[in-house]
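Order of the sequence lines fixes the chain letters, A, B, ..., with proteins taken first and strands second; residue numbering starts at 1 for each chain. Keep in mind that the numbers below use all heavy atoms, side chains included, and drop hydrogens, waters and symmetry copies.
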2 protein chains.
Amino acid sequence: MGEKDHSDKELAGRGELSFVPLDVIRRVRHQNAADAIARASLVADLCRLNTLYMIMSAGSGHIGSSFSAMDVLTWLWTDYLVDANSDAHNSDIYFSSKGHDAPALYALLIALEKLDFDLLHKLRRLDGLPGHPDVSTPFIATNTGSLGMGISKAYGMARAKRFAGRQGRVVVMTGDGELQEGQIWESLQPCANEQLGEIVVVVDHNKLQSDSLVTAVSDLGAIEDKFRSFGWEVARADGHDLGRVKDIFARFDRVSDTPKVLIADTVKGKGVSFMEGLACGDQTYHFHAGAPSLENYLAAVDEITARVNGALSRLHQPPLALARAPLPTRVAPSKPEKLVLAYGDELLTMARSRKDIVVLDGDLLSDCGIEAFKAELPDRFIECGIAEQHMVSAAGGMALEGLLPVVHSFACFLSTRANEHIYNNATERRKIIYTATLAGAIPGGPGHSHQSVRDISAVGSVPGLTVIEPSSEREARLSIRWAVETNDASTYLRFVNVPLDLPYSLPASYALEIGKGVTLRDGADVALVGYGPVLLSNAWRAAEELAADGVRAAVINLPWLNRIDDAWTRDVLGTFPVVVTLDNHYRSLGQGVMIAAALARNGVRAAVRTLGLDDVPACGTNAEVLARHGLDAASIATAVRSCIQAKSFTG
Amino acid sequence: MGEKDHSDKELAGRGELSFVPLDVIRRVRHQNAADAIARASLVADLCRLNTLYMIMSAGSGHIGSSFSAMDVLTWLWTDYLVDANSDAHNSDIYFSSKGHDAPALYALLIALEKLDFDLLHKLRRLDGLPGHPDVSTPFIATNTGSLGMGISKAYGMARAKRFAGRQGRVVVMTGDGELQEGQIWESLQPCANEQLGEIVVVVDHNKLQSDSLVTAVSDLGAIEDKFRSFGWEVARADGHDLGRVKDIFARFDRVSDTPKVLIADTVKGKGVSFMEGLACGDQTYHFHAGAPSLENYLAAVDEITARVNGALSRLHQPPLALARAPLPTRVAPSKPEKLVLAYGDELLTMARSRKDIVVLDGDLLSDCGIEAFKAELPDRFIECGIAEQHMVSAAGGMALEGLLPVVHSFACFLSTRANEHIYNNATERRKIIYTATLAGAIPGGPGHSHQSVRDISAVGSVPGLTVIEPSSEREARLSIRWAVETNDASTYLRFVNVPLDLPYSLPASYALEIGKGVTLRDGADVALVGYGPVLLSNAWRAAEELAADGVRAAVINLPWLNRIDDAWTRDVLGTFPVVVTLDNHYRSLGQGVMIAAALARNGVRAAVRTLGLDDVPACGTNAEVLARHGLDAASIATAVRSCIQAKSFTG
């Protein structure tokens with residue numbers, strides 16, 4: 001993977017990022033019209049270059065999954081689909097259920113001039129191309145990003161077409177890890193029962209989910225037998241052999257009364273040798289999400305370019321002329337706090353002596369801070385795969401048998417996909433800890449399927465379940481220790497994953513007390529009350545801005561998201577003329593509403609303003625997203641000023 | 001099914017309910033010890049008699065599912081399981097994942113003297129035996145009632161046993177309709193991958209779900225192939241032929257590294273000729289839930305008793321001596337409002353002219369008021385079966401293709417099993433109507449899996465989704481009309497299913513206005529604000545009680561569960577010195593919290609008290625449950641008095 005003494009800085013000297021400009025794509029598309037398959041392969045490689053460019057520009061995105069799907073995807077859109085995703089009466093529909101291969105589809109739609117070329121520069125940017133597909137983008141048929149919903153959606157689309165007397169196929173791409181989701185199997189039989197031959201599913205079977213082998217996470221067993229037993233027509237082929245793929249689709253088109261699935265054997269990261277499968281020789285795949293290093297990027301561009309130029313040369317066409325773009329600069333935090341890692345470390349420390357602790361993971365261990373746990377205590381680590389419902393109910397079974405299960409996933413999935421299961425466990429009154437990461441509106445890149453701004457509402461009323469969001473590494477450690485050692489009932493720990501420099505610190509004597517907040521910054525004119533590192537940092541910066549105006553704003557950390565102590569409300573919040581709450585969550589049914597209600601119940605007469613999200617979170621850089629939703633420091637300061645002004649008018 | 005001129009009143013003259021007393025059961029169990037299978041069959045029939053008694057006493061319960069499972073269940077507990085569900089180190093575990101066969105298990109546990117005999121008289125009563133299993137009952141291993149969780153729980157239990165070095169099998173009963181739930185398939189592969197030979201699943205394949213044929217709802221296809229493709233050892237047999245069942249379990253015990261499933265072909269309602277399968281000749285099963293008529297009850301008792309006496313006679317034992325108990329009296333409402341039927345009628349009326357309306361159902365059409373829709377517009381009715389995730393995502397696909405889907409299930413399942421799916425649809429900003437019935441704490445009989453007191457919280461923060469609960473038939477009609485004709489975005493309609501006599505009526509001029517309530521009863525001292533027929537009726541009665549004390553309590557209906565108009569809050573609620581909110585829901589994150597927050601945000605200085613549930617709802621009669629949670633008229637009046645008193649102290 002390159003030489004060690006090539007630092008990113010030196011390599012940057014080699015130039016900038018590069019992409020394939022539209023005129024070059026056009027020429028390749030039109031000059032190779034005769035051989036559809038050769039053309040598709042070539043266009044796919046151009047799209048791989050532009051996918052790499054988009055991900056490097058954005059700083060994140062899924063290369064491996066984009067590249068494994070790229071060949072089939074390109075063939076579908078250049079050869080197979082008719083009027084795909086258009087308003088035409090009998091249009092075909094295509095969408096990706098796995099969703100994180102969106103950069104591949106975007107690169108292709110741009111190459112086919114269905115999306116503006118300028119969008120190439122706007123992956124994961126505000127009003128650009130979201131990290132996961134959204135119907136606000138032209139030619140995107142449905143919103144995906146949470147796994148397992150695609151075939152159900154296809155069922156709905158196919159039935160709707162039949163209602164309306166419209167023709168057209170519905171082609172869905174799924175991942176292979178995605179087949180662990182129960183909804184996939186829930187959706188198969190209805191499609192067969194209704195004889196929905198319109199539906200064609202392609203399983204991008206690249207054998208890797210996130211950064212691990214599917215077989216190591218939760219083996220799929222006999223995939224073909226499974227689909228057949230649910231009444232589907234099944235084929236299997238090398239997903240990079242487009243001749244075979246074409247033949248199979250032709251066969252599929254002759255079957256009108258049965259839904260069809262192609263198990264496409266593909267290679268994750270296909271097209272760049274060192275990104276392909278477990279090429280590095282260890283058991284971890286390194287190009288699932290996130291941008292590659294500049295060194296890897298440049299090597300990948302070289303390799304694809306050389307292959308494309310070889311093909312062009314054989315076709316007697318000129319070599320690629322890539323366009324250049326500057327390498328984006330990103331300011332990294334200097335001493336960022338990494339709450340999730342601190343949490344995981346503290347959990348591991350306790351687990352060394354508490355043998356009842358068992359960790360369950362939903363295929364997100366590195367994002368949940370539990371890699372070290374797995375490495376040290378593999379016998380007490382259970383990888384459940386992409387199966388949140390199963391994981392949470394399994395934890396319930398373990399708790400009934402006397403264990404202390406600690407369940408991990410992203411907040412967006414854990415709180416909503418397994419919502420009824422968390423409740424069912426709660427009714428058994430056994431102790432379970434739910435650790436929900438990637439909470440809140442940022443990172444803003446992945447898009448709304450991953451921006452968890454609804455989980456306080458979704459789990460906050462579960463009886464006996466205490467919801468906490470720590471604001472620092474220290475509070476992260478205190479929180480998991482409280483959940484394990486102090487709390488007799490269940491806890492839902494909500495974590496922000498963005499590493500941040502924090503302007504505040506907790507008092508040295510700080511200890512968690514249910515429902516009580518802690519003042520991080522003193523002030524008398526207004527209380528800014530919130531939780532977690534993102535908004536408490538911005539509240540701090542807003543307070544500094546307000547101090548310049550002579551407004552003394554206190555910043556108060558209330559890590560309890562569904563417990564508010566009445567005496568604390570009266571004694572602490574009751575001293576402020578103005579209380580402004582800050583939710584890294586929808587305003588509706590977030591912490592702010594509970595604080596406002598507590599003020600009312602306790603007869604506190606402060607002027608109250610609740611800040612938070614009101615609409616589906618935007619996709620963009622973290623700064624863009626927070627500003628869009630009025631949660632950056634400047635917006636918070638403005639809101640405080642307006643609230644104080646209103647108060648001074650009304651008394 | 002009996003003669004028409006036998007009215008229930010005349011039949012009641014024949015006597016009372018009857019049950020098999022403990023001494024009789026004991027004799028049968030002990031005198032037939034030699035032949036385990038014959039004994040099990042006989043004990044099963046005694047339990048059928050007691051199951052019928054329990055359901056008649058309770059006024060509701062699932063006969064069909066109890067009877068189909070009874071033979072296998074009895075054999076398991078009398079012959080196969082070792083120290084089942086006990087504290088013994090290597091105990092076996094048994095539980096029913098379908099859960100609604102609880103009366104059968106209770107009758108059996110009582111017969112085996114594992115439960116106090118007195119509990120026979122307390123099915124679905126406060127502090128008695130809940131409608132669905134709960135671990136607060138001895139020998140109940142886990143809480144079920146929502147379908148599909150059982151095999152995941154068994155996985156957790158089996159893994160926990162292995163962690164602890166304990167032996168013992170985990171035997172799980174599932175329904176056949178239950179196999180439509182995706183979680184079943186999500187849970188199968190992990191059990192096979194971990195070689196959990198401890199797990200034995202019995203599918204009670206009685207061919208009927210609720211009141212319809214499984215094949216008519218959502219055909220299961222090749223069940224055996226399905227389980228095999230997920231790596232399970234599969235057997236199939238007549239579930240009433242206990243010799244065969246015994247042989248299969250013996251074979252299962254020789255397989256240690258593979259989970260096993262017995263597809264038990266059974267007959268719903270087995271043991272009473274006219275309750276067996278579709279014996280009545282139409283396509284509707286009449287004994288799924290609810291108590292039978294007295295006529296049917298007596299005929300069933302006669303039939304089972306005759307069979308038991310025949311067997312006893314062949315064994316030279318005396319005939320059954322049944323004990324008698326009085327027929328419970330129940331007061332029916334005189335002119336009850338049936339909101340769900342009114343809703344369904346209005347929807348059908350609109351659908352006649354609006355061709356874009358399509359109805360989806362999750363196997364609960366009679367409880368959702370849409371039987372008439374299906375009958376009149378079968379081409380626009382889609383039965384999804386027990387597959388809420390699939391149903392909601394399918395609705396999303398339909399909405400994307402221009403239809404207006406109206407999705408139906410119980411509130412507890414729709415809002416929480418398909419929670420992420422409702423959100424995903426919302427992000428696509430298409431219009432969908434979710435109709436959620438059986439909302440709130442009553443009926444109190446089915447137990448907490450069915451008492452939906454968390455759905456406002458679970459869906460209330462979904463952007464663009466307006467949540468409404470109508471309080472009368474008229475408001476039910478207004479609500480669905482508003483959702484179809486006026487609201488551009490999506491609506492979640494929450495319905496109470498209990499038919500009630502209503503003490504109030506809406507003003508003649510009433511029209512729905514977002515976020516604004518309507519005063520049902522005038523008053524100046526306190527505002528009782530709530531929604532829905534249950535608590536508004538009790539608020540009315542509390543107001544009458546308070547009026548006798550000279551307290552003038554207004555009763556205000558605010559059907560908007562997540563929209564509160566600021567001006568209305570100031571102008572109407574702002575005139576009251578005391579505001580008491582009433583949630584047929586957890587207090588935490590219900591409407592009351594939003595009202596209290598609205599009061600605070602709008603500077604209203606009223607004393608505020610929020611009433612609602614704080615703990616998992618009790619199971620019992622409707623009156624028992626409401627009183628237990630402080631939501632009957634007397635408790636509301638008491639709370640109001642205490643709030644007024646506190647106000648007069650603090651000013």
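Both cation-pi conditions hold for Arg454(A) and Tyr423(B): the charged atom is under 6.0 angstrom from the six-membered ring centre and inside a 45 degree cone around its axis.
The two residues Ser393(B) and Gln183(A) have their closest heavy-atom pair at OG-NE2, 3.1 Å. Heavy-atom minimum distance, Val616(B) versus Arg429(A): CB-NH2, 3.6 Å.
For the atom pair CD of Gln389(B) and CD of Gln389(A), the computed distance is 4.0 Å after rounding to the nearest 0.5 Å. To the nearest 0.5 Å, atom CZ of residue Phe163(A) and atom CG of residue Asp356(B) are 11.5 Å apart.
Options Gly231(A), Gly396(A), Gly460(A) differ in how many heavy-atom pairs under 4.5 Å they form with chain B, and the most are formed by Gly460(A). Here Leu220(A) is the residue among Asp134(A), Leu220(A), Asn562(A), Val604(A) with the most heavy-atom pairs under 4.5 Å with chain B.
A donor-acceptor pair shorter than 3.5 Å can be found between the side chains of Thr142(A) and Glu428(B). Under 3.5 Å, the side chains of Gln189(B) and Ser218(A) contain no donor-acceptor pair of N or O atoms.
At a 4.5 Å heavy-atom cutoff, the contact between Arg380(A) and chain B is made by backbone and side-chain atoms alike. Residue Glu383(A) does not touch chain B at all, counting heavy-atom pairs closer than 4.5 Å. If you measure heavy-atom distances from Arg159(B) to chain A, the contacts under 4.5 Å come from the side chain alone. Heavy atoms of Phe230(B) lying under 4.5 Å from chain A belong to its backbone as well as its side chain. Proximity to chain A is absent for every atom of Asn602(B), based on heavy atoms less than 4.5 angstrom apart.
Between Glu401(B) and Arg162(A), no side-chain nitrogen of the basic residue sits less than 4.0 Å from a carboxylate oxygen of the acidic one, so the salt-bridge criterion is not met.
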